[in-house]
Amino acid sequence: MSFNSITTRRFLQTAATLVAGIVLAACSKTEPPAPVAATPAPAASAPAPAAKVYLVGTDAAYAPFESQNEKGEIVGFDIEVVQAVAQKAGFEVKFLNTPWEGIFNTLAQGDRDLLVSAITITDERKQTMDFSSPYFDAQQLIAVKKDSKIAKFDDLKKLKVGVQNGTTGDEVVTKLQGKNSPNIKRFESTPLALKELEAGGVDAVVADNGVIVHYVKNNGDTKFKTVTDASFVSEQYGLAVKKGNTELQAKLNKGLADIKADGTYDKIYTKYFGAPAAATAAPAPAAAASK
Ligand code: ARG
């Protein structure tokens with residue numbers, strides 16, 4: 001066989017493999033083929049002036065508020081709320097998965113325009129960022145193994161407790177056990193803390209009620225139970241913007257008010273939590289910050 005024919009054969013083989021690969025790739029797509037990307041969809045409505053796109057940071061390991069689905073898309077209650085707010089206020093949003101650790105720095109540095117991450121509005125945080133008016137009421141909740149004797153928060157004083165580092169759950173447990181307690185196990189994410197509970201590495205996990213309830217329901221109704229405590233104060237989630245960004249803060253507040261007024265908020269709430277929010281969501285202290 002001559003050199004040439006070998007080269008030609010190689011070339012043909014390579015080409016055939018390539019073609020097969022492309023065909024396979026095209027066939028294995030589970031989604032319906034997307035419309036040819038290069039052609040922009042004909043503008044159905046008036047030619048929109050390019051809407052501003054805000055970058056939204058979220059720690060997407062916090063179902064049902066924010067998580068990633070099988071396709072890697074960021075989904076959840078928080079996401080739908082912000083999408084609805086954006087639609088009302090006439091801007092666009094792009095969600096970026098952003099680890100909780102350092103999430104607030106991304107605002108300060110201008111890498112994110114706003115954060116939605118089931119973020120509790122606290123006085124301490126208000127020193128370094130601004131919040132929208134509150135959009136969700138929450139409080140801490142304890143998760144323990146089903147056969148646990150733990151009946152109240154104080155029972156955790158000398159036990160190993162898992163929290164997500166730097167959350168309000170971390171704060172309450174730190175207050176109970178003392179800052180240097182070796183029994184506080186701080187995790188990068190709440191699911192990691194819950195995994196450790198399952199593995200027996202901690203006796204309890206303290207985190208936001210919505211997330212604990214969701215986890216117990218979906219991952220181990222038979223393995224875990226929840227314990228509440230009268231000492232847990234009510235918390236409120238807000239959307240965070242860079243300190244001084246009153247323009248975006250005002251847009252967010254207007255959008256939130258609009259989706260509450262027209263029923264969109266209740267629709268989203270019911271989708272995720274089974275019933276509309278209790279009518280107690282009184283405009284809270286943080287709203288004053290927007291003035
Ligand atoms: N609400 C709590 C806090 O603000 C926990 C929020 C954690 N959110 C998240 N997406 N990991 O500290």
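When reading the values below, keep in mind they use all heavy atoms of this one structure, side chains included, and skip hydrogens, waters and symmetry mates. Note that the coordinates shown come from a computational prediction; the quantities given were computed from them, not determined experimentally. Every number for a ligand or one of its atoms is a count from 1 in the order of the listing.
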*Would you say the ring centroid of Y269 lies under 6.0 angstrom from that of F136?*
yes
*Mind checking whether F273 and F77 have ring centres under 6.0 Å apart?*
yes
So if I count the atoms of ligand 1 from 1 in the order they appear, which ones are less than 4.0 Å from some heavy atom of [X]?
X    : result
I119 : 4 (O)
S117 : 6 (C), 7 (C), 8 (N), 9 (C), 10 (N)
Q164 : 7 (C), 11 (N)
T168 : 1 (N), 2 (C), 3 (C), 12 (O)

_Starting from atom 6 (C) of ligand 1, what is the nearest protein heavy atom, named by residue and atom, and what distance separates them?_
A118 O, 3.2 Å
*Starting from atom 7 (C) of ligand 1, locate the nearest protein heavy atom and write down its residue, its atom name and how far away it is, to 0.1 Å.*
Y62 CZ, 3.5 Å
Any N/O of [X] closer than 3.5 Å to an N/O of ligand 1?
X    : value
E66  : yes
W100 : no
D59  : yes

*Whether R125 lies under 4.0 Å from ligand 1, heavy atom*: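 R125: in contact with ligand 1 (<4.0 Å).
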_Measuring from non-hydrogen atoms of D208 to any atom of ligand 1, is the shortest distance under 4.0 Å?_
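In this structure, D208 qualifies as a contact of ligand 1 - some heavy atom is under 4.0 Å.
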*Above 12 or not: heavy atoms from other molecules or residues under 6.0 Å from NZ of K145?*
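Enclosed: over 12 neighbouring heavy atoms sit under 6.0 Å from NZ of K145.
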_I want to check a possible cation-pi pair here: K52 against Y54, using under 6.0 Å from ring centre and within 45° of the ring axis as the test._
yes
*asked:* Are Y215 and K195 packed together at the side-chain level, in the sense that at least one heavy-atom pair is separated by less than 4.5 angstrom?
replied: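 Yes, at least one pair of side-chain atoms sits under 4.5 Å.
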*Taking heavy atoms and a distance under 4.0 Å, where does Y237 meet ligand 1: side chain, backbone, both or neither?*
side chain
_Residue portion contacting ligand 1 (non-hydrogen atoms closer than 4.0 Å) for E171_ =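 Looking at E171 and ligand 1, no heavy atom falls under 4.0 Å.
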*For L252, which of V82, V85, V116 qualifies under side-chain contact (heavy atoms from CB on, under 4.5 Å)?*
V85
*Measure the CG-NZ distance between D229 and K152 for me, rounded to the nearest 0.5 Å.*
8.5 Å
_What's the separation between atom CD1 in I121 and atom OG in S133, rounded to the nearest 0.5 Å?_
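Result: 7.5 Å between the selected atoms.
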*Quick one: sort the F65 and Y62 rings into parallel, tilted or perpendicular, breaks at 30° and 60°.*
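Plane angle between 30° and 60°, so tilted.
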